[in-house]
Protein chains: 2
Amino acid sequence: MGRRKLEMKRIEDKSSRQVTFSKRRSGLIKKARELSILCDVEVALLVFSSHGRLFEFCSGNSLTSVLERYQNHREEEKESKDADAQGSTSENGGKSHAELLQLVQRLVEEPDYEDFNVTDLVELEKDLTIALTQTRNRKVLS
Amino acid sequence: MGRRKLEMKRIEDKSSRQVTFSKRRSGLIKKARELSILCDVEVALLVFSSHGRLFEFCSGNSLTSVLERYQNHREEEKESKDADAQGSTSENGGKSHAELLQLVQRLVEEPDYEDFNVTDLVELEKDLTIALTQTRNRKVLS
DNA sequence: CTGTCTATGTATAATAC
DNA sequence: TGTATTATACATAGACA
């Protein structure tokens, strides 16, 4: 977005890093504001400079209210996870991707694989959904 | 940034609004991530869709830790405001803004003002820097 | 609703002051 | 140290699948 392409790693030169920080920070805040206006959604953004200075943007009245909403959201999320964690193998969300891959592979290669029953399949579906969500999140970030 | 320029107001067509939300949200998260990597700073971003879904980005391990840092920052700020509301010359940062103003005024009006030596000037500079930082913080938060 | 394409509008890295 | 300019890279609106 400038004269040349930047590698995605920490800018080593202190001076350029500072300049880039200043420019990109305002750009980011501008875009956060645009998103909240155009799409009529709540947005909160916090940036701490390396020297501890705080820059923030918030679509509504106060960042505090957004943060409260975040806390509520986390609690609700936790409750719903607890609710269906009854069938889950681990607290934080099903099997590892490697495990899932093996499971799916067995299922595909051996259609009569006898350890599978409806309960297993329901759990498998849930794990795949989680894995899918995680993968999508990573994609957005790359 | 597309075929035509968008007005900065809520997009009325529900479908376009949703599409724009999806695209700009990923763009914003990507840029938040780039800022945190390139400039080696802490960034937290929260977006609530109109249907209450949460999308978030956080540069470190957990949003919680960033939010804690935010809370601390607010407390420190409150303390420093309280401090200079008293017109303090106290521990945490030099002279009151009123005192500084007088000092600078004397310096400007009387170039030969005799009480100034290098040590005083160094201290003055330090005080001005602190005052500047406090003013900037207030500006950012307003 | 998700992905793709592409013309255009924006953001910004480097540079000049 | 900013501030302004410019050349590029990037984001995305609209259209379509």
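Chain letters run A, B, ... following the sequence lines, proteins first and then strands; every chain starts at 1.
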Roughly, in whole Å, what's the span from CD1 in A:Ile11 to P in C:dT12?
-> 11 Å
Expressed in angstrom and rounded to an integer, what is the separation of A:Met1 atom CE from C:dT15 atom C1'?
-> 18 Å
Measure from CZ on A:Phe21 to C1' on C:dA11 and round the result to the nearest Å.
-> 17 Å
Of all heavy-atom pairs between A:Ile11 and A:Ser16, which one has the smallest distance, and what is that distance?
-> CG2-CB, 4.0 Å
From OG (A:Ser50) to CD (A:Gln18), nearest 0.5 Å = 7.0 Å
Pull out every protein N or O sitting under 3.5 Å from an N or O of nucleotides 14-17 of chain D, one pair per line with the distance.
from	atom 1	to	atom 2	distance (Å)
D:dG14	O6	B:Lys23	NZ	2.6

The reported gap from CZ in A:Arg53 to CZ in A:Phe21 (rounded to nearest 0.5 angstrom) is 8.5 Å
For residues 25-34 of chain A, please give each side-chain donor-acceptor pair under 3.5 Å, one per line with the distance, not counting sequence neighbours.
from	atom 1	to	atom 2	distance (Å)
A:Ser26	OG	A:Ser22	O	3.0
A:Ser26	OG	A:Lys23	O	3.0
A:Glu34	OE1	B:Arg24	NH1	2.9

Positions of residues 24-49 of chain A (non-hydrogen atom under 4.0 Å from DNA chain C), listed by number | A:Arg24, A:Gly27, A:Lys30, A:Lys31
Residues joined to A:Met1 in its hydrophobic cluster, side chain to side chain under 4.5 Å directly or through other members, sorted by chain and number, are none
Output, in order, the C-alpha distance, side-chain angles, deciding distance and verdict of side-chain contact (heavy atoms from CB on, under 4.5 Å) for A:Phe55 and A:Phe48.
-> CA-CA 6 Å; A:Phe55 302 86; A:Phe48 292 94; over 6 Å; no
If you measure from CG on A:Leu67 to CG on A:Leu46, what distance do you get to the nearest 0.5 Å?
-> 6.5 Å
Atom OH of A:Tyr70 and atom OG1 of A:Thr64: how far apart are they, to the nearest 0.5 Å?
-> 15.5 Å
Atom pair CZ (A:Arg10) and CZ (A:Arg17), whose distance is rounded to the nearest 0.5 Å | 4.0 Å
Whole-Å distance, B:Met8 CE to C:dG9 C1', equals 14 Å
Bracket string, DNA chain D, 5' to 3' - pairs by Watson-Crick or G-U geometry under 3.5 Å, | interstrand = .||||||||||||||||
In whole Å, what is the span from the CD atom of A:Glu7 to the P atom of D:dC10?
-> 13 Å
Here the distance between atom C1' of D:dT12 and atom CZ of B:Arg17, to the nearest Å, is 18 Å
If you round to the nearest 0.5 Å, how far is SG of B:Cys58 from CG of B:Leu45?
-> 10.0 Å
Can you list every pair that meets salt bridge (Lys or Arg N to Asp or Glu O under 4.0 Å) and has a residue in residues 57-69 of chain A, with sequence neighbours left out?
-> A:Glu42-A:Arg69
